[in-house]
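Questions regarding the structure given below will be posed in turn.
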Amino acid sequence: MEYSFSNIEPKWQEEWRKNKTYKVEVDNSRPKFYVLDMFPYPSGAGLHVGHPLGYIASDIFSRYKRQKGFNVLHPMGYDAYGLPAEQYAIQTGQHPAVTTEINIKRYREQLDKIGFSFDWNREVQTCDPEYYKWTQWAFIQMFNHWFNNETQKAEPIADLVTEFEKNGNNGINAACSPTEVFTAEEWKAKDEKAQQETLLNYRIAYLADTMVNWCPELGTVLANDEVKDGVSVRGGHPVVQKTMRQWSLRVSAYAERLLAGLDKVDWSDSLKEIQRNWIGKSIGASVHFKLDGHDHQIEIFTTRPDTLYGATFMVMAPEHELVRELTTPDHKEEVEKYIEWAGNRNERERIADAKSITGVFTGAYGINPITNEKIPIWIADYVLMGYGTGAIMAVPAHDSRDFAFAKHFKLPIIQVVVGEGDKESDPANWEESYDAKEGKMINSDLINGLDVKKAIETITKHIESQELGKKQINYKLRDAIFSRQRYWGEPFPVYYKDDMPYVLDEDKLPLELPEVDKYLPTEDGQPPLGRAKNWTTEDGHPLELNTMPGFAGSSAYYLRYMDPRNNDALVSKEANEYWQDVDLYVGGTEHATGHLIYSRFWNKFLFDIGKVIKDEPYKKLINQGMIQGRSNFVYRIKGENKYVSFGLRKDYDVTPIHVDVNIVDNDILDTEAFRNWRPEFKDAEFILEDGKYVCGYAVEKMSKSMFNVVNPDIIIEKYGADTLRLYEMFLGPVEQSKPWDTKGIDGVHRFLKKFWRLFYEGENLIITDEQPNENELKVINKTIHKIGDDIERFSFNTAISAFMICVNDLNDLKCHKKAILEPLTIMLSSFAPHIAEELWHAAGNTSTVIDATFPTYDEKYLK
RNA sequence: GCGGAUGUGGCGGAAUUGGUAGACGCGCUAGACUUAGGAUCUAGUGUCGAGAGACGUGGGGGUUCGAGUCCCUUCAUCCGCACCA
C-alpha cells in the first residue's frame, strides 16, 4: 500500500469525530493541563498558512501532554465581534452576523482539515448571547465595585455607600476620578442623582468625560492600544483627541498588581518588557509650587526631586486648567493663540514635529519651594496633560528636553549634579544636558555632596516633613475606554434614569443586540443602536447606545472554555478549581499591550470578587512568530506586454509587478497560468533564461494585495495535513518570524513516505515481532530521549530532525520491528496524527494512538 | 533617543551546560534503476587549495588549554516604546 494521505486523513478525522476522541471532562483522578490558543477573528479572507503555526505548535504539545497522562483541555472558538464585519455590513447592507457565520464556517472547515485535537464541544463565539451574557455580567460586577488602594483590591460599592453614610469620603483611599471631599451629613443631604454622580467616580466601570482617541473615519473612539503613530491600527485612519462622555474601566487601579504579576509568569522577557513599558511605573515625588501673587498652587510630578535646586522655570501643558487663570493680561493674547494652535494639532502632527521647540511665557511666576526663588511659568506642548499633573518643574541642566527649551528661549541653567570624576562647568557652554542618574549634588544647599540616590531619599523626606509635597508613584497605564460608537459589539447592560446610568438586573441578561435598519450613526450623530426600535427597559428607560470594544469578549474567554454551557455562572467553582489557569498560552506578540493587559486586569478583578481562584490567567506564554509572505515579481518592459526573466531584467527598462505566488513554483513562473491569470496578460510574451521564466522575490506582509497569500487547503490538497503540520514546524523555531517558502516541503513529505516504507513494502505489511537488537534499541532510545526533551522546550524543528535521523537509521538497519516502530509511531502522532494512527492500526492496535502512553527510554542505550 | 531581539554555508536552520561548527532538510553535482519522471536509491557538497593543509559563526579587541557560546567595543537588520518629567 502506498502512502495515500488523501484517503487516510479524512478517514481518521471522521473516526475521531465519531468517537469523540477529543472531548474532555473534569476528571479528578488525572492531573489537568490547559493549552490555549489565542482565538482568531474570523475574517473574510479565511486562514492563510501563517495562522495555523501557533495552533500546530500547541496541538503537538497538547497531544504530547495527553500521552504523558494529563487530562488536556485544548479548546477553540472565535473572537467574532469586530470592525471588518461591520464595515462590510455598511458597504453591502449584509448583517454582520451573517457574514460572521459564513466566515466561521469557512474557518472551521479549514481548521478541521489540519487535524487539530480541539474539543469543539467547548467552542465559544463572542457574539453568541449565551456567551456575551457573561461579558455583560462582568461589566455589571465592575460597575458595582470600587478599588480600595489600601487593600489593593476591588470591593463592593455597597460597602462604600455604608462608609459614606458613616464617615463621608475623607478616610477612603480609592482609585477614583477627582472627587470633592464630603462628610456623612453632606452625603446624606445629596439627592439620588448627586449620589449616583459621586459613586460614578469610584466605580471600576465608570462613565466620565474623558479625553478620547476619536477616529472620524471609523466613527468611533479607540483605546490607546488601538492607536499607533496617531492613526488607527485597523485601517490606518487619522485619530484626534476629543473630550467625550464614555465608559471606562479603571485598569490603572491595577497597575501595580499588573506589574508585580509579571514576575510570577513564564513569558518571554521581551513581552514582559513591553508590558512593563506600557504600565510605565515611575517613582518620584509630587511637589507643590506656590504661585507669585495667587492663592493657587501648582502640583508637579518629578522623578528627580534631587534636582529641585536646579529648577529654573516651570512648564505647563497648554490644556492645563489653571493656564488661563494665571496668565497675565499682557501675555493673554499670545497664550490664547498658542493654546488654540496646540489644540488644533492632531496627534500625528505633534509626533512628527516633536523636534521643533515651541512654547510661550504666561507672565506668571511660581516659587521654587526649596530655594524660594521666583521662576517663570511657560506653557509648551512638550508637556502632556495626560501624564503626571500636566505641569513640570524644568531642570534644564539635567533634562534634555528642558535643556533644549531653555537654550531656545534663553532661560537660566544651573548645574546641580556633577558626574564622577568631572568638575563643575558653565552650562552656558554645554552642548547637551547631563541626564545621568549618577553623580554628586552641587549648588544644592541641603543635599550638597550626596550622590543622586541618597539625595533623592533625603530631599523627599525633607519635602514630606515640610509639607511641600510627598513621595509619589506614577503610571503611564491609562484606564481603558470601553465605549464604541458601533453596532457589532456587546450591548451594555445599562439604562439611564434622570441621565444617570444604572445597570440591569442580572436576570435580565443577556441583553441581546437589537436589529437596526442601517449600520450607520443616526442623523443626529447617535451610535447605530440609536436606530433600534424600542431600545428601552420594560418601564421605558432608554438603554445605552454604545457597544463594547473588541477586547471585551476576549478578556475572560479562557474561563468560559472551562465550563462553556453553564447558564448560572461564567464558570462553576468545580470546573474552575479543576482547570485553574492556562498552563500554556500560544499567540502573537501583537496582543502584548491590548488583550494581554486587559484580560489580566479582568481576571484580577474576578479574582478579587471571589469568582476565580487564580490571580494570573496565563502561566506560560509562547509568542509564535509571524509567517510573512514571500512575494514574487515579473518584470514588464515599459510600454510593452513583454516580460523579462529575473536575471535579464537589468538589460531592459522594466516595471516589477506582483504576481500570484500560486502560479509560481520555486521562483519559476508557470507562463501559461500567467496568461490565464488576468485578461491583460492573455497575450503576454516572455524573454526567458535557460528556457525558464525566473521571478524576483521579496519578503512582505502576507496579504491579498501582494498576491502572496498561501492557503493551507492548497498545501493539504497537494501534500496532506501531516506534511503541512510537519513543514510549518520544521521551518524553524516557533517564536521566530519567517517568510513562507514552499521550497523544502518535499523534504518532510519524503520523510513521511520513508516512515511509511518502514511498515509497508508495496502492498505488503513488513513489520515483524522480532526482538530488537542493541543497535536498534540505541536508535529508538536516543530518539525517545531527544523528542521528549525537544517537545518540553518547544523546539519542534529539532524534534522533527530527530525523527528524520531515526527513520534514516532504521532504514539503514533495515529494521521493521514492531517493538521499535510502535514507540516511534506514538511519538510521531503528536506531529503527524493521521499517518501515525493509520500505521498504529496497521500494526494491529485497535485503540487510538492518541491515547497511547508516551514511551520511556533506558539510560543505558543513550551512550 | 530609550528598551528588547537577531546576525552561522547558495537557502531554512542545528550546536540544551565553554569542548569535533555547519545536525536535519532544501538546493546543487555525479551515478544507479527506469519508456519517462518533478518517483526512488547511492555518493558528494562551508571557503581557498591538485594535495598536505590553511581559513572560517557580521567587524575589531579580550578572558580561556579551548569561544558561535563569556566580557568589552563596533556595525547591520527586525520589533516595541517614544516629548512619560
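Chain identifiers are assigned alphabetically (A, B, ...) following the order of the sequence lines, protein sequences preceding nucleic acid strands; residue numbering begins at 1 within each chain.
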Phosphate OP1/OP2 of B:rG80: any A:Arg276 side-chain N/O under 4.0 Å: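 The answer is no; no side-chain N or O of A:Arg276 sits under 4.0 Å from OP1 or OP2.
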Can a salt bridge be assigned to the pair A:Glu2 and A:Lys753 using a cut-off of 4.0 Å between side-chain N and carboxylate O? no
Considering only heavy atoms from C-beta outward, does the side chain of A:Leu621 approach that of A:Val265 to under 4.5 Å? no
Evaluate the ring planes of A:Tyr727 and A:Trp740, with Trp represented by its six-membered ring, and classify them as parallel (under 30°), tilted (30 to 60°) or perpendicular (over 60°).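 Perpendicular, since the angle between the ring planes exceeds 60°.
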Aromatic ring pairing A:Phe831/A:Phe803, orientation class (parallel under 30°, perpendicular over 60°, tilted between):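 Perpendicular.
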So, is B:rG9 syn or anti if syn means the angle is within 90° of 0?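 Base orientation relative to the sugar is syn.
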Would you please classify the geometry between the A:Phe361 ring and the A:Trp378 ring as parallel, tilted or perpendicular, with 30° and 60° separating the classes?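 Rings of A:Trp378 and A:Phe361: tilted, 30 to 60°.
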Restricting both atoms to N or O, compile the protein contacts to nucleotides 43-46 of chain B shorter than 3.5 Å, with distance only.
none

Tell me whether A:Asp263 is salt-bridged to A:Arg276, with the criterion being a basic N under 4.0 Å from an acidic carboxylate O. yes
A:Asn623 side chain N/O closer than 4.0 Å to the phosphate oxygens (OP1, OP2) of B:rC79?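 No, because none of the side-chain N or O atoms of A:Asn623 sits under 4.0 Å from OP1 or OP2 of B:rC79.
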Should the pair A:Tyr3 and A:His749 be assigned to parallel (<30°), tilted (30 to 60°) or perpendicular (>60°) ring geometry?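 Taking A:His749 first and then A:Tyr3, their aromatic rings sit tilted (interplane angle of 30° to 60°).
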To the nearest Å, give me how far apart CD1 (A:Ile805) and C1' (B:rA14) are.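 Interatomic distance, CD1 of A:Ile805 to C1' of B:rA14: 9 Å.
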Is A:Asn797 close enough to B:rA14 that one of its side-chain N or O atoms is under 4.0 Å from OP1 or OP2 there? yes
Please confirm whether the shortest side-chain N or O distance from A:Ser282 to OP1 or OP2 of B:rA85 is below 4.0 Å.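 Yes, A:Ser282 has a side-chain N/O under 4.0 Å of OP1/OP2 on B:rA85.
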From the candidates B:rC83, B:rG25, B:rA85, the one with an atom nearest any side-chain atom of A:Phe301 is B:rA85
With a 4.0 Å limit, can you tell me whether A:Arg757 has a side-chain N or O closer than that to the phosphate oxygens OP1/OP2 of B:rC41?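 Looking at the OP1 and OP2 atoms of B:rC41, one of them is under 4.0 Å from a side-chain N or O of A:Arg757.
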Does A:Gln736 have a side-chain nitrogen or oxygen under 4.0 Å from the phosphate oxygens OP1 or OP2 of B:rG13? yes
Here's a test of your reading of the structure: between A:Asn811 and A:Ser801, which maps to the more 5' nucleotide of RNA chain B?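 Nearest nucleotide further toward 5': that of A:Ser801.
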How many Å lie between CG on A:Asp790 and P on B:rC24, as a whole number? 15 Å
